[in-house]
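One structure below.
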Amino acid sequence: MLTNKKDCVTMLLAGGQGSRLYVLTEKKAKPALPFGGKYRIIDYALSNCVNSGLDTVGVLTQYQPLLLNEYIGNGQPWDLDRLSGGVNILPPYQKFGGSDWYSGTANAVYQNIPFIERYNPDHVLILSGDHIYKMDYSKMLAYHKKKDAACSIAVIDVPLHEASRFGIINTDEDNKILEFEEKPANPKSTKASMGIYIFKWSCLKKYLMEDSENPKSSNDFGKDVLPHILECGEKMYAYCFDGYWKDVGTIDSLWQANMDLLEEDMVGGSEWKIYSRSMEKPPHYISKNAVVKNSIVSEGCEIYGDVENCVLFPSVTVKEGACLRDSIVMADTVIGKNSCINYSIIDEEVNIGEDCRIGEKKSSLAEITVIAEGLILKNNCIVPSGAMIDSNIN
Amino acid sequence: MSTLGILFSDIHSRGVAELTHLRTVASVPFGGRYRLVDFPLSNMVNSGIYKIGVITKSNYHSLIDHIKSGKDWDLSRKNGGVVLLPPYGIAASAGPYKSRLDALKRIKKFIESSTEDYVVMADCDVILNIDYNEVIKFHEASGADITCVYKDTEIDASRSRHSTVYKISDSGRICDILLSPEISGNCNVAQNSWVMTRKMLLYLISEANTHGLEHFGKDILLDNVNNMKIMGYQHNSYCAHIASLSGYVKYNMDMICKEKRDALFAVPSRPIHTKVRDSAPTRYGGDATVKNSLIADGCIINGYVENSILFEGVKIESGSRVTNCIVMQNTIIESSSSLSWIICDKNVIIKAGRTLSADKSYPLYITKGKMI
């Protein structure tokens with residue numbers, strides 16, 4: 001055997017398109033989406049892994065992997081460049097007798113059984129790369145071992161009126177799982193699955209093989225594999241997590257999760273660091289006449305205008321007289337003189353001319369306006385509330 | 001063509017004695033997130049120089065902590081990479097280096113065992129963004145024995161004492177060298193970096209050993225201006241030579257000016273690399289007012305900041321006023337305090353309600369880790 005035995009190997013599902021993010025994920029996979037000023041969404045899962053002492057991570061990619069491949073590279077920014085283990089990017093590959101795309105989350109892991117076997121692990125942690133949270137997986141692993149569970153699922157308490165949007169898990173008083181309900185109309189519990197699973201590897205392997213033999217299965221963990229394991233009478237436990245956790249699968253939730261960072265320590269303190277690949281820019285500059293309030297500003301920005309309730313990514317330029325409110329502006333975007341941006345998400349490398357009006361003041365009626373990556377909007381453009389712009393405006 | 005880099009990390013430590021009390025010149029913080037060594041290291045890497053020896057004699061813990069394996073400069077390499085060269089020697093020659101030439105004598109083996117054709121040597125007290133390939137091209141084309149980088153710039157008597165000035169003929173040849181002159185006006189001021197072949201450097205070191213030479217500037221350069229072809233290469237872009245605390249403040253404040261900042265940091269394909277600290281972006285509170293300032297990542301700002309530079313992780317609490325200050329890493333300015341023309345080193349705490357005021361002509365320096 002080439003590699004050392006690992007107690008727990010992590011499989012990070014990063015192949016999803018994130019279709020409800022529309023133009024934002026047209027050119028990149030959802031885990032590669034910029035978040036929180038200097039991060040990409042996948043930084044949270046990768047940093048959680050390394051902070052939890054898990055040093056062997058397989059990243060399962062399929063949709064638009066180029067940016068993600070380049071971003072993760074050898075894993076050095078997350079300290080995941082290791083002699084044994086480290087981060088490995090796992091796209092679908094050709095095998096003897098044929099090749100297949102990943103048909104579902106379970107199938108993606110099934111196709112990479114040989115990768116997991118190289119490390120001969122006792123446990124496998126399955127994560128999805130599209131949530132914002134800080135979590136110590138080593139505590140969950142300890143719980144999983146203590147309960148001697150075949151599978152442990154992390155759950156978070158959600159408000160009852162929102163519970164019907166989630167996969168809900170019903171348990172006994174010892175948190176032993178009794179039942180799964182996918183988006184129930186009348187939820188019996190408020191424990192929502194966070195999409196974080198730890199399996200005994202021997203158990204997971206057995207059920208992945210069974211799942212692959214089942215022509216009726218859609219090869220999905222939540223829909224197929226987990227309910228099947230429960231039906232077979234295996235011991236499954238819910239692990240309760242009570243920190244901040246946000247799914248950023250929609251434009252609204254992406255906007256909200258970014259804005260949550262403006263609240264002090266909403267996403268947890270600085271002792272649990274989130275790592276990212278650095279853009280290597282000088283500190284940001286705030287000019288004499290600029291106003292910056294209640295905002296997050298990253299390295300390399302140059303602010304000459306008026307910014308309030310915004311998250312600005314690296315090297316954003318806000319020119320004189322421009323006014324930004326309740327907006328997220330991603331890296332290398334330029335906002336021209338006297339342009340007004342309200343309640344919007346502006347993707348990377350967008351060039352907005354002078355005197356433009358984008359979006360509408362945030363209110364219960366207004367919708368988020370989105371401008372896609374790399375666009376050029378000429379002077380005097382007007383983009384209405386809720387519009388999603390994916391081509392240049394002259 | 002291949003080139004070896006040699007950096008002198010603490011040749012000029014007396015110039016900014018306050019800042020170098022606990023560190024080398026190379027590890028003096030600059031511009032909100034950098035250390036002085038970042039500039040020569042980045043210049044070399046951006047010029048394709050991937051083997052660099054960093055000569056250091058004392059107080060080098062902060063430098064080791066900053067450079068570590070060199071990976072942030074792409075210098076964690078199997079072949080070459082960055083090598084720290086602390087004092088090493090037997091009996092008579094042991095102890096800290098006495099001079100630049102003494103240091104070179106004692107790293108002779110390192111230079112001998114290298115295979116590169118050229119050597120670029122640089123000090124860490126000069127901040128510039130330079131392409132050494134251009135200097136080497138100039139060196140080759142002019143048939144020089146040694147090429148010295150300079151900039152034609154205005155200088156006053158207070159600065160000239162810390163500088164070297166070249167007299168240069170029309171052909172570009174250096175015909176006289178003024179070490180620590182007392183002059184003012186426009187001069188060809190040395191930018192403390194030199195190019196020659198590795199063979200030439202080894203020859204000069206062996207000459208120095210044979211004849212007991214001690215000073216690179218005087219015994220090698222000045223004494224040979226007539227015997228050797230010593231050429232001057234003019235660097236036309238921004239240069240800052242940090243030789244005093246007031247100069248340190250002035251050049252830091254220069255970075256607030258976009259033109260000067262861009263001359264260092266926005267040169268295409270020549271970024272300045274530094275140690276990555278993974279701070280979160282800076283958060284501005286509802287009461288924050290910031291004007292004409294340079295702010296690094298990781299700060300939390302709730303007070304008033306004007307004409308200042310904040311390094312990573314600085315906290316400015318509400319009601320406090322910070323004007324014309326340089327505030328280094330992780331310093332905390334508590335509520336309702338007021339600072340003017342103050343340089344706070346790392347991890348300083350200014351307690352609530354304190355007022356500290358100095359002047360442009362004499363900024364006040366607060367030592368690392370102090371609480372006021």
Side-chain angles (χ1 to χ4, degrees), chain A residues 35-39 43 47 50 74 76-79 81 258 261-270 272-304 307-317 331, chain B residues 30-34 38 42 69 71-74 76 252 255-258 260-266 270-302 305-315 330:
Chain A
F35 178 83
K38 68 185 286 192
Y39 307 103
D43 288 335
S47 302
V50 72
N74 69 347
Q76 182 259 315
W78 303 270
D79 209 16
D81 51 333
N258 272 281
L261 293 171
L262 299 179
E263 305 295 321
E264 199 155 351
D265 294 334
M266 183 86 172
V267 193
S270 52
W272 192 266
K273 241 183 200 177
I274 301 300
Y275 301 95
S276 66
R277 194 172 280 279
S278 166
M279 306 274 277
E280 303 205 293
K281 301 288 180 190
H284 65 262
Y285 172 70
I286 312 284
S287 87
K288 217 170 183 168
N289 300 316
V291 177
V292 182
K293 284 193 194 305
N294 201 36
S295 293
I296 279 176
V297 183
S298 308
E299 59 192 25
C301 287
E302 297 192 345
I303 316 291
Y304 300 89
V307 176
E308 205 170 326
N309 294 328
C310 291
V311 175
L312 305 189
F313 286 70
S315 293
V316 168
T317 303
Chain B
F30 182 82
R33 72 174 292 193
Y34 303 93
D38 294 338
S42 302
S69 69
K71 68 184 174 188
D72 288 322
W73 296 265
D74 204 18
S76 174
N252 265 288
M255 294 302 105
I256 292 178
C257 164
K258 178 171 171 60
K260 290 171 181 167
R261 189 167 69 243
D262 283 356
L264 279 183
F265 300 111
R270 302 215 311 261
I272 302 299
H273 309 280
T274 188
K275 178 176 164 181
V276 175
R277 290 191 182 79
D278 296 291
S279 313
T282 284
R283 195 169 66 218
Y284 290 83
D287 299 329
T289 305
V290 177
K291 298 200 174 299
N292 198 40
S293 295
L294 206 57
I295 317 282
D297 275 353
C299 296
I300 298 174
I301 302 177
N302 284 302
V305 179
E306 189 177 358
N307 301 333
S308 295
I309 294 177
L310 307 189
F311 282 70
E312 279 170 272
V314 168
K315 282 196 183 72
N330 299 331

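These numbers come from the heavy atoms of this one structure, side chains and all, not from hydrogens, waters or symmetry mates. Everything numeric in this text was worked out from a predicted model, so none of it was measured. Just so it is clear: chains get the letters A, B, ... in the order the sequence lines come, proteins before strands, and each one is counted from 1.
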side-chain contact (heavy atoms from CB on, under 4.5 Å) partner of Pro283(A), chosen from Phe265(B), Phe311(B), Tyr34(B)
Tyr34(B)
Using the side-chain contact (heavy atoms from CB on, under 4.5 Å) definition, which of the options Val297(A), Ile296(A), Leu262(A), Asn294(A) pairs with Tyr284(B)?
Val297(A)
What part of [X] gets closer than 4.5 Å to chain A, counting heavy atoms only: side chain, backbone, both or neither?
| X | answer |
| --- | --- |
| Val290(B) | both |
| Asp38(B) | neither |
| Thr274(B) | backbone |

Interface check, chain B: of Cys301(A), Pro282(A), Ser278(A), most non-hydrogen pairs under 4.5 Å belong to Pro282(A)
What residue in Gly300(A), Ala290(A), Ser295(A) has the most heavy-atom pairs under 4.5 Å with chain B?
Ser295(A)
Segment of [X] engaging chain B (4.5 angstrom heavy-atom cut-off):
| X | value |
| --- | --- |
| Tyr304(A) | side chain |
| Glu308(A) | neither |
| Ser287(A) | backbone |
| Ile286(A) | both |

[X] and [Y]: which non-hydrogen atoms are nearest, and at how many Å?
| X | Y | result |
| --- | --- | --- |
| Thr282(B) | His284(A) | CB-CE1, 3.8 Å |
| Gln76(A) | Asp72(B) | NE2-OD1, 4.5 Å |
| Arg283(B) | Leu261(A) | CD-O, 3.6 Å |
| Asp297(B) | Lys38(A) | OD2-NZ, 3.3 Å |

With rounding to the nearest 0.5 angstrom, report the NZ to CG distance, Lys293(A) to Asn302(B).
10.0 Å
Point-to-point distance, once rounded to the nearest 0.5 Å, from NZ of Lys281(A) to CZ of Arg33(B)
10.5 Å
Name the option with the most non-hydrogen atom pairs under 4.5 Å to chain A; the candidates are [options].
| options | value |
| --- | --- |
| Pro271(B), Cys299(B), Ser279(B), Gly313(B) | Ser279(B) |
| Thr289(B), Ile256(B), Ile301(B) | Ile256(B) |
| Ala296(B), Ser293(B), Ala288(B), Gly285(B) | Ser293(B) |

Please assess Lys258(B) against Tyr285(A) for the test side chain to side chain contact (heavy atoms under 4.5 Å, CB included), listing each intermediate value before the final yes or no.
CA-CA 9 Å; Lys258(B) 178 171 171 60; Tyr285(A) 172 70; 6.0 Å; no
Check whether any side-chain N or O of Asp278(B) sits under 3.5 Å from a backbone N or O of Tyr275(A) as a donor-acceptor pair, and report yes or no.
no
